[in-house]
Amino acid sequence: MTKRAYRTFQSLLLALLGLFLLSRIWNGSIVFYINRRFVILVLLAGLGLMAISQALLRSRPGEEEHEDHHEMDDSHEQQEHPVEHASFSGWNLAWMTVPLILGLVLPARPLGSVAVANRGMNVVAPLFFPGADQTVLIGIPPTQRNILEWMVLFEQAEDPDEYAGESADVTGFVYRDPRLKPGEFMIGRFMLTCCVADALAVGMVVSSPEADELSENSWVRVQGEVYAYWLGEQKIPAISAVSIAPIPEPEQPYLVP
Amino acid sequence: MEKANSPHANKILWWILGVALFLLATVSGVLIGISWDGGQGKGWIALVDQVSMFSTIFLGIFIEAVPYLFLGTLASGLVEVFVDQDSLLKIIPRSKLGSALAGASLGLFFPVCECGVVPLARRLFRKGLPAPVGISFLLAAPVLNPIVIASTFAAFGNTPVFWGRLAMTFLISILVGGVFAFQTDHSQVLLPSSSMAYQPVAPLQRNVIGQRTAPGVGVAQRLQKVAVIAANEFFEMGRYLVLGALLAAFMQTLIPQGWLLAVGQGPILSVLVMIALAVILSVCSTVDAFIALAFAGSFNAGSLLAFLVYGPMVDIKSTLMFLRVFRRRTVLYLVTLPLMLILLAAVAMNYFVRF
């Protein structure tokens, strides 16, 4: 690969990578991967990559000759073995095509119940996360609380039964937890602090005569009455469903505290 | 010796990738086999789901880390073009202790995480930063910088975990940097391409960029050079990010987290498990405090501390990047010395400190 071609290829890849990041923001699928708090950083990086790509293209051949030399030869041995050098350069760039290929070939999909099977379903809320405070959560009308908020309330309550009878309205995906009985399923969401690498599944039990007809991983909205469910030694939040309605996957599939 | 090193490291990388792909193929095969008896093409669905989950996790780590890597390479380019070698050496104290302290505190002025710190450290090495100082910097900067201190405080507040993280990182980075202060021959520590002597085309370079006062070398041209350096380093270090994210995503797809968590109770095992988790998750140090929070319910303070101190120093992607800067034996030290120190500290904390 000549230096000129190397530089052009580099520039092209940077531009594609920047475009890829920006397109994920544009079509909203960026939230499948990271907490929306960090989207601004990705936006800046996308723009920055494209700017660098432009700057590379504009660097004039005459001037860049030696810079090229200096920067591409990352150790002496590469200078002495041009063949090695060439292969190094090519592969060096090829790695960056991996995210592009994976991102473009496979459709963007958020984590679902398959990931729960690997990560386990948490029925007890993680003790802290930003904003986990009983006093604040009690202020939220019961039908506006999400799964995580119910879990935190149950976790922090002296007697979770005090919430029994309140009406709940939550959305999530259907997960068949082996710990549950027929007529029950888990309504789950992933909670994201940073990116999907740290996603934790959280869920509430739903009991309903329709429970066994729902297909796994489909999104539902469950309305009903809250009660405390004994799972092993713990009282966890559960809903006795009045209505279960199938819904399309939300644009923000994760809970992002 | 160095001549054999780089292509060799390259070969190793390809082997790792090959083995990882082979594992994925095998496991997918097994998964298909398991789910096949359900009939109705369920095996395919299971495979597609696994691959899709793998891709989501990989892209998650990658997209999350790209801005920080980019920032690091940009900083490296700016240092190369705008920081004068002599003035850098002037501000570094001469004494062993002073220089280690300086290295550990340097992060306060360079807010980078563990992806960004490696290219920046190498650039500083090339500018003549002594190896021990740079190593202290490398280990400390991902935690001891304004962004991470703020995010840790937001997550843990004024608790022993917060102060412990800062103190342990400071101590370990100074100790490990101090160990390397006894190796005065820096060529034993650094790859030749990371050392100050590395000036393959110095005279030419000086002509254009070195004479900063020369007419015709405008800001635009210098920025162009920053761009060229940033781009080169972005690709050079970026492939380790890609590889690290691939490995981390494989692990997360194939190893049920429940296994680790089930094993990980007790004052010693919990620390080991959280260290393993830090390495496997490979999350960025700017946000790992919130992730540690997620485990705060099920893990003790010592193991959380180990996660928060060891993770930013060593994880899959940063270890791979180290191989680009240091000799392999140095990398071994950089991985094991902090490991032993944090193990000791965290276990001691679990046994002797009561909250």
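Everything numeric in this text was worked out from a predicted model, so none of it was measured. Side chains are part of it too, since the values below use all heavy atoms of this structure and drop only hydrogens, waters and symmetry mates. Residue numbering restarts at 1 for every chain, and letters A, B, ... go by the order of the sequence lines.
Ring planes of B:Phe54 and B:Phe58: parallel class, angle under 30° (limits at 30 and 60°).
Remark: B:Lys225 does not engage B:Glu80 in a salt bridge, criterion side-chain N to carboxylate O under 4.0 Å.
Only the side chain of A:Leu21 has a heavy atom closer than 4.5 Å to any heavy atom of chain B. Only the side chain of A:Leu106 comes within contact range of chain B, with at least one heavy atom under 4.5 Å from a heavy atom of that chain. Both the backbone and the side chain of B:Ala231 come within less than 4.5 Å of a heavy atom of chain A.
Contact tally against chain B (heavy-atom pairs below 4.5 Å) for A:Asn217, A:Val196, A:Val39: the top residue is A:Val196. Taking A:Ser11, A:Gly48, A:Ala108, A:Gly103 one by one and counting their heavy-atom pairs under 4.5 Å with chain B, the maximum is reached by A:Gly48. For chain B, the option among A:Val98, A:Leu192, A:Ile52, A:Leu17 with the highest count of heavy-atom pairs below 4.5 Å is A:Ile52. Interface remark: of the candidates A:Ala115, A:Ala45, A:Pro99, A:Pro99 forms the most heavy-atom pairs closer than 4.5 Å to chain B. Considering only heavy-atom pairs separated by less than 4.5 Å from chain A, the leading option among B:Leu223, B:Leu59, B:Leu241, B:Leu71 is B:Leu59.
The shortest distance between side-chain heavy atoms of A:Trp95 and B:Phe235 does not fall below 4.5 Å. Using a 4.5 Å heavy-atom cutoff, the side chains of B:Arg122 and B:Arg324 are in contact. Residues A:Leu111 and B:Ile57 have side chains in contact (heavy-atom distance under 4.5 Å, counting atoms from C-beta outward).
Scored by the ring pair (Phe, Tyr, Trp, His ring centres under 6.0 Å) test, B:Phe162 finds B:Phe153 as partners (sequence neighbours excluded). Residues forming a side chain to side chain contact (heavy atoms under 4.5 Å, CB included) with A:Leu214 (at least two apart in sequence, or on another chain): A:Val174, A:Arg176, A:Phe185, A:Val220, A:Ile244. Shown here are the side chain to side chain contact (heavy atoms under 4.5 Å, CB included) partners of A:Arg109, two or more places apart in sequence or in another chain: B:Val48, B:Asp49, B:Ser52.
A distance-only check finds a donor-acceptor pair linking the side chain of A:Gln252 to the backbone of A:Tyr254 [under 3.5 Å]. Between the side chain of B:Gln224 and the backbone N or O of A:Ala55 there is at least one donor-acceptor pair closer than 3.5 Å.
Against chain B, the residues from residues 29-36 of chain A that qualify, each with a non-hydrogen atom under 4.5 angstrom away, are A:Ile30, A:Phe32, A:Tyr33, A:Ile34 in number order.
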